[in-house]
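First the structure, in the form of structure tokens, and then the observations on it.
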Amino acid sequence: MNFDLFSGEPQQQRQEILPGAFLLRGFALPFENELLQDIQGVIAEAPPRNMVTPGGLPMSVATTSCGDAGWVSDAYGYRYSKRDALSRKNWPAMPCSFFDLARNAATTAGYKNFSPDSALINIYKVGAKMSLHQDKNERDFSQPIVSVSLGLPATFLLGGLRREDKTIRVQLVHGDVVVWGGAARLFFHSILPIKVGVHPLLGKQRINLTFRKAL
DNA sequence: AAGTGGCT
DNA sequence: GGAT
């Protein structure tokens with residue numbers, strides 16, 4: 001945990017950035033070592049790949065998953081799949097460190113008993129981005145989304161229910177967690193192109209973990 | 001099927 | 001279609 005050097009009290013790092021959406025600054029830092037180790041394990045079993053959108057264009061972000069389902073995109077559309085098309089096996093199991101972090105973060109944001117069954121791992125090289133979209137391939141929108149930022153910083157845009165709604169922008173750095181649910185669950189969001197840089201632990205990349213109850 | 005992308 |  002982060003402690004205030006003067007008071008010795010844990011600093012409150014929770015900020016409601018829009019109704020239902022919370023920024024938990026540095027929340028993942030205590031889990032850092034275990035998370036990085038477990039990410040390596042998942043990637044060894046299910047290598048990240050640049051999925052193709054239904055429109056036929058490759059995404060700039062490389063993606064893999066773990067848990068009971070993984071988010072996939074191909075010519076047939078966006079969906080969750082229980083199997084990795086590359087290995088034709090089930091996705092790797094979700095590491096306990098992933099589940100615990102996601103559940104704790106959701107609780108801290110006021111979403112009790114979050115039980116993610118899918119963790120999407122998005123690898124951003126410098127210049128990679130994620131266009132404005134909604135997370136809407138899940139079955140149950142009563143469960144929040146938990147997003148963990150590692151490595152290089154990113155600018156996160158969060159809007160509303162309509163694509164054309166005004167967006168706020170939030171700088172996300174290594175260890176930050178964003179949780180959105182309730183009224184914000186279907187809000188459009190995006191990541192601007194990652195700027196040139198080198199992170200001391202992760203080098204020239206940003207890794208994002210996104211947790212969902214997909215099934 | 002696709003605006004999770006690329007163009008202006 | 002809008003932001004950059």
Side-chain angles (χ1 to χ4, degrees), chain A residues 17-18 20-21 23 39 42-43 46-86 91 94 98 102 116-141 143-172 176-181 184-197 205-215:
Chain A
I17 53 178
L18 282 180
L23 170 58
I39 289 168
V42 171
I43 285 175
R49 75 297 307 254
N50 295 84
M51 298 213 186
V52 173
T53 64
L57 298 166
M59 296 173 65
S60 59
V61 168
T63 294
T64 187
S65 284
C66 60
D68 295 334
W71 184 87
V72 298
S73 175
D74 59 22
Y76 299 101
Y78 311 128
R79 65 196 179 279
Y80 283 91
S81 170
K82 293 189 172 185
R83 307 247 178 158
D84 176 355
L86 285 186
W91 295 101
M94 188 186 300
F98 282 28
D117 55 16
S118 178
L120 177 62
I121 301 177
N122 283 146
I123 315 258
Y124 295 74
K125 295 180 184 305
V126 170
K129 64 181 175 59
M130 185 75 79
S131 300
L132 199 63
H133 69 280
Q134 297 169 295
D135 289 13
K136 59 177 183 182
N137 302 117
E138 302 75 26
R139 289 217 168 106
D140 183 0
F141 298 141
Q143 298 278 309
I145 299 292
V146 173
S147 172
V148 178
S149 291
L150 297 168
L152 288 177
T155 303
F156 177 66
L157 269 54
L158 182 61
L161 291 173
R162 299 173 308 164
R163 181 177 288 278
E164 57 271 23
D165 286 343
K166 175 177 59 74
T167 57
I168 61 167
R169 45 182 68 197
V170 182
Q171 283 303 127
L172 297 179
D176 289 347
V177 178
V178 182
V179 181
W180 63 98
R185 174 60 180 77
L186 288 169
F187 280 5
F188 277 86
H189 53 283
S190 75
I191 291 288
L192 264 29
I194 302 298
K195 294 181 193 163
V196 173
Q205 64 179 333
R206 169 177 190 259
I207 299 184
N208 177 69
L209 271 28
T210 310
F211 296 92
R212 304 92 184 271
K213 175 85 178 79
L215 303 179

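Here is how names work: the chains are called A, B, and so on, in the same order as the sequence lines, proteins then strands, and each is numbered from 1.
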Margin query: Once you apply a heavy-atom cut-off of 4.0 Å, does Arg169(A) come out as touching a base, just sugar-phosphate, or nothing?
Written below: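 The answer is sugar-phosphate, as Arg169(A) gets under 4.0 Å only of primed atoms, P, OP1 or OP2.
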Measure from [atom1] on [X] to [atom2] on [N] and round the result to the nearest Å.
X	N	atom1	atom2	result
Asp165(A)	dA3(C)	CG	P	11 Å
Lys195(A)	dT4(C)	NZ	P	12 Å
Lys166(A)	dG2(C)	NZ	P	16 Å

Margin query: With the threshold set at under 4.0 Å for non-hydrogen atoms, list the residues of residues 150-161 of chain A touching DNA chain B in residue-number order.
Written below: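 Within residues 150-161 of chain A, no residue comes under 4.0 Å of DNA chain B.
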Check: Are the side chain of Trp91(A) and the backbone of Ser81(A) linked by a donor-acceptor contact shorter than 3.5 Å?
Finding: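 The answer is yes, because a donor-acceptor pair under 3.5 Å joins these two groups.
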Less than 4.5 Å apart, side chain to side chain, heavy atoms only: is that true for [X] and [Y]?
X	Y	value
Leu209(A)	Val146(A)	no
Thr53(A)	Met59(A)	yes
Ile145(A)	Arg185(A)	yes

Next item on the list: Could you give the distance separating dA2(B) and dG1(C) at their C1' atoms, to the nearest angstrom?
Entry: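 Comparing C1' positions in dG1(C) and dA2(B) gives a spacing of 16 Å.
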Check: Does one side chain, of Ser65(A) or Asp84(A), offer a donor that lies under 3.5 Å from an acceptor on the other?
Finding: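 No donor-acceptor contact under 3.5 Å links the two side chains.
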Note to self: Which label fits Tyr78(A) and Trp71(A): parallel for a plane angle under 30°, tilted from 30 to 60°, or perpendicular past 60°?
What the structure shows: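 Parallel.
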Identify each atom pair where a protein N or O and an N or O of nucleotides 4-8 of chain B are less than 3.5 Å apart, giving names and distance.
| unit_1 | atom_1 | unit_2 | atom_2 | d |
| --- | --- | --- | --- | --- |
| dT4(B) | OP1 | Tyr78(A) | OH | 2.2 |
| dT4(B) | O5' | Tyr78(A) | OH | 3.3 |
| dT4(B) | O4 | Trp71(A) | NE1 | 3.4 |
| dT4(B) | O4 | Asn137(A) | OD1 | 3.3 |
| dG5(B) | N7 | Ser131(A) | OG | 3.2 |

Next item on the list: For residues 205-215 of chain A, pull every pair meeting salt bridge (Lys or Arg N to Asp or Glu O under 4.0 Å), keeping only residues two or more places apart or in separate chains.
Entry: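 Residue pairs passing salt bridge (Lys or Arg N to Asp or Glu O under 4.0 Å), neighbours aside: Asp117(A)-Lys213(A), Asp135(A)-Arg212(A), Glu138(A)-Arg212(A).
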Next item on the list: Kindly compute the distance separating CG (Asp165(A)) from CZ (Phe187(A)), expressed to the nearest 0.5 Å.
Entry: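 That separation rounds to 8.0 Å.
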